[in-house]
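Structure in structure tokens, see below.
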Amino acid sequence: MMQQSSGDLDDLYMEIILDHYKSPRNRADLSHISDDETHENPSCGDTLKLEVHMGDDGRIDSARFDGHGCAISTASASLMTERLPGKTAEEARQFIDVFLKVLRGGEPPSRLEEWGDLAVLGGVVQFPLRVKCATLAWHALDKTLEELNP
Ligand code: ZN
């Protein structure tokens, strides 16, 4: 009989998620953003603020987040912001669309493979209670792009 991993996700997945949880990329103090603009996942208690800057060339030049959340919500925001610079708003919207489809089970997790470490988040689809943790940053990005209206 095969020895099963004791965790919810396999070891490599957990390793990447915990690395981003312990050392989040692009986390910054965003206290200048009103608390009214905090995005929340009440089912877990995750909170998140997101700031996206568009460069003069119409591409995202930086994306930063702030907040408190579980390992999956923090890792998702960290992995997402890592891949945003260089994307146009349209490319970012497609990025959101594919990610949300995968997390809702409408597309296979293999769709995320071209995005490097971010692909580990596809494993969350097996844990419906954690899907809102993984998608919080992405809904925040969608809202932020809408407000920037680039
Ligand atoms: Zn959570």
Side-chain angles (χ1 to χ4, degrees), residues 3-54 60-87 89-148:
Q3 181 76 37
Q4 283 287 317
S5 161
S6 58
D8 284 339
L9 297 167
D10 77 28
D11 293 346
L12 173 67
Y13 285 18
M14 267 331 283
E15 203 176 297
I16 293 170
I17 286 173
L18 288 176
D19 176 47
H20 281 264
Y21 178 51
K22 288 176 186 157
S23 314
R25 302 354 172 226
N26 306 303
R27 186 153 77 179
D29 177 5
L30 299 182
S31 51
H32 59 283
I33 295 178
S34 159
D35 288 343
D36 295 346
E37 306 207 13
T38 301
H39 301 270
E40 294 177 17
N41 168 24
S43 66
C44 177
D46 308 316
T47 65
L48 182 107
K49 288 179 179 177
L50 182 71
E51 185 173 68
V52 173
H53 278 133
M54 299 297 293
I60 293 169
D61 63 16
S62 72
R64 303 185 301 164
F65 75 100
D66 194 5
H68 299 282
C70 65
I72 290 176
S73 71
T74 303
S76 185
S78 176
L79 286 157
M80 181 189 82
T81 52
E82 228 180 14
R83 296 196 75 87
L84 285 176
K87 288 190 193 302
E90 187 51 37
E91 286 164 351
R93 286 193 182 93
Q94 286 169 10
F95 184 56
I96 297 168
D97 188 53
V98 171
F99 185 81
L100 294 181
K101 277 183 182 151
V102 169
L103 272 282
R104 286 167 183 155
E107 293 273 0
S110 58
R111 283 293 307 272
L112 306 184
E113 275 167 14
E114 65 192 271
W115 298 339
D117 284 353
L118 181 51
V120 300
L121 294 170
V124 177
V125 73
Q126 302 165 60
F127 309 101
L129 295 173
R130 312 313 301 275
V131 167
K132 286 183 177 168
C133 302
T135 56
L136 177 64
W138 300 73
H139 289 298
L141 176 60
D142 191 38
K143 187 89 194 304
T144 302
L145 289 172
E146 208 173 277
E147 286 161 3
L148 286 172

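Indexing begins at 1, ligand by ligand and atom by atom, following the structure's order.
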Lys/Arg-Asp/Glu bridge criterion (N-O < 4.0 Å) met for Asp117, Arg25: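 No salt bridge links Asp117 with Arg25.
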
Ring geometry between Phe95 and Trp138 (parallel below 30°, tilted from 30 to 60°, perpendicular above 60°):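 Taking Phe95 first and then Trp138, their aromatic rings sit tilted (interplane angle of 30° to 60°).
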
Identify whether the distance between the nearest side-chain nitrogen and carboxylate oxygen of Asp97 and Arg93 falls below 4.0 Å.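 Salt bridge absent between Asp97 and Arg93.
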
So, at under 2.8 Å, which protein N, O or S atoms would a careful student list around the Zn ion (ligand 1)?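 Listed by chain and number: Cys44 SG, Asp46 OD1, Asp46 OD2, Cys70 SG, Cys133 SG.
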
Out of Asp66, Asp36, Asp35, which one pairs with Lys49 under the salt bridge (charged side-chain N to carboxylate O under 4.0 Å, His left out) rule?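 With Lys49 as partner, Asp66, Asp36, Asp35 yield a single salt bridge (charged side-chain N to carboxylate O under 4.0 Å, His left out), made by Asp35.
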
Which atom pair, heavy atoms only, marks the closest approach of Val125 to Val131?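 So the two residues come closest at CA-CG2, 4.4 Å.
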
Atom CZ in Phe99, atom OG1 in Thr135: separation rounded to 0.5 Å?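 If I round to the nearest 0.5 Å, the distance is 7.0 Å.
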
